[in-house]
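Reviewing the structure listed below.
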There are 2 protein chains.
Amino acid sequence: MSTGDFHLPHFLPYLLNQAAEAASHEFQRYYRARYGMLRTEWRVLFHLACYGDMSATRICDLASLHKTKVSRAVAALETKRFLTRAESEDDRRVELLSLTPKGLTVFRDLSGAAERFETDLLEHLTPDEVLHLRSALLKLSGLGERSLQPDVPL
Amino acid sequence: MSTGDFHLPHFLPYLLNQAAEAASHEFQRYYRARYGMLRTEWRVLFHLACYGDMSATRICDLASLHKTKVSRAVAALETKRFLTRAESEDDRRVELLSLTPKGLTVFRDLSGAAERFETDLLEHLTPDEVLHLRSALLKLSGLGERSLQPDVPL
DNA sequence: CAAAACTCGTTACAAATGAAACTGGTCGCA
DNA sequence: TGCGACCAGTTTCATTTGTAACGAGTTTTG
């Protein structure tokens, strides 16, 4: 039958999702098995490790995550003693999140694993392909703009 | 601070996920608002429309979806009268799924919308970039192999 | 041809998610 | 100063998902 000329594997949102899931799969198994972590948890951890201490809201902005998700991830990471909170002195609503040494160690383990998984992934692409791929994805994701926002806007 | 040289927006699984979510967002709003559909539901619908009638298990294989997800999506689509089931004569465990005319109409609407959203997305990329992008994503997704499997293997 | 092993699809229960209400805190402005 | 609008982060509740067990049917194998 095959009605219409729409071809599913050419539809970019679909293709992107399939590629994203396939690409994330091994890494996900790793951090789940090893630290019982959820996706949002490693993301929060990585944001703190890569960009330094910051508030939950700032992580929401950088990672396009909803604040409830981040709130729960922060709670989980605190329970695991991977981070600590400190009330900001400027604004007592804000909590400044910092990784503990333990959290930092976990980050180093995870980022090492991440790099290995990524290397495996990229094995099937030429370096040139990888370059073009990242550039295109960066444009699509809108990740470029966000990271330019200053820490304390205006 | 910025510990380690790991740069999050270069990590492919992360980048892919961000791009995938950004790319899916508008389309998701559309099918949710218009038909109260979930992601798995449109995927099932599209598989039937693009590849013709098939069983739930075959959709699982093609789309890398878990059978419970597909089972629930099929139930929802049946409730909405977008598809019907017919017990296979060869094997009474299997249900052959077919779109109703109504389901087909919905597909035509959704695929039209999908194409418009995709066009918008691709506006920021050159045709050449798009070509490379799709090719790389296809390799990463493993979607290439799956679609080659015959309907009745061996 | 009967019992064991396997497959299709559903269901039941636990865990994760999303939306909205809520708590405590800050800011603007009369 | 005090009141209303706004913001950070949490909690609650409904929805969605994942896992494991299940019922019914088929295939294998002895």
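Labels below follow one simple rule: chain letters A, B, ... track the order of the sequence lines, proteins then strands, and each chain is numbered from 1. Side chains are part of it too, since the values below use all heavy atoms of this structure and drop only hydrogens, waters and symmetry mates.
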Show which side-chain atoms of residues 74-82 of chain A pair as donor or acceptor with protein atoms under 3.5 Å away, not counting sequence neighbours.
from    : atom 1 : to      : atom 2 : distance (Å)
A/Glu78 : OE1    : A/Arg85 : NE     : 3.0
A/Glu78 : OE1    : A/Arg85 : NH2    : 3.0
A/Glu78 : OE2    : A/Arg85 : NE     : 3.2
A/Thr79 : OG1    : A/Ala75 : O      : 3.0
A/Lys80 : NZ     : A/Glu41 : OE1    : 2.7

Output a table of nitrogen or oxygen pairs between the protein and nucleotides 3-7 of chain C separated by less than 3.5 Å.
from  : atom 1 : to      : atom 2 : distance (Å)
C/dT7 : O4'    : B/Arg93 : NH1    : 3.4
C/dT7 : O2     : B/Arg93 : NH1    : 2.7

Over 60° means perpendicular and under 30° means parallel, so classify the ring planes of A/Phe46 and B/Phe11, tilted if in between. parallel
Between B/Trp42 and B/Tyr35, is the gap from one ring center to the other below 6.0 Å? no
Parallel, tilted or perpendicular: which describes the rings of A/Tyr51 and A/His47, with under 30° parallel and over 60° perpendicular? tilted
Contacts under 3.5 angstrom, residues 121-128 of chain A side chains, donor-acceptor by atom type, not counting sequence neighbours:
from     : atom 1 : to       : atom 2 : distance (Å)
A/Thr126 : OG1    : A/Glu129 : N      : 3.0
A/Asp128 : OD2    : A/His132 : NE2    : 3.4

Contacts under 3.5 Å, N or O only, protein and nucleotides 12-17 of chain C:
none

If we check side chain to side chain contact (heavy atoms under 4.5 Å, CB included) with A/Lys69, which of these qualifies: A/Leu38, A/Ile59, A/Thr40, A/Val44? A/Thr40
Quick check on contacts: within residues 76-87 of chain B, what sits under 4.0 Å from DNA chain D by heavy-atom distance? none
Is the number of heavy atoms from other residues, nucleotides or ligands within 6.0 Å of NE2 (B/His25) greater than 12? no
What do the steps show when you test A/Asp109 against A/Tyr31 for side-chain hydrogen bond (donor to acceptor under 3.5 Å, both in side chains), and what is the final call? CA-CA 10 Å; A/Asp109 176 40; A/Tyr31 61 72; over 6 Å; no
By nearest nucleotide on DNA chain C, pick out whichever of A/Arg92 and A/Lys67 is the more 5' one. A/Lys67
At a 4.0 Å cut-off to heavy atoms of chain B, the contacted part of DNA chain D spans D/dT16 to D/dT26
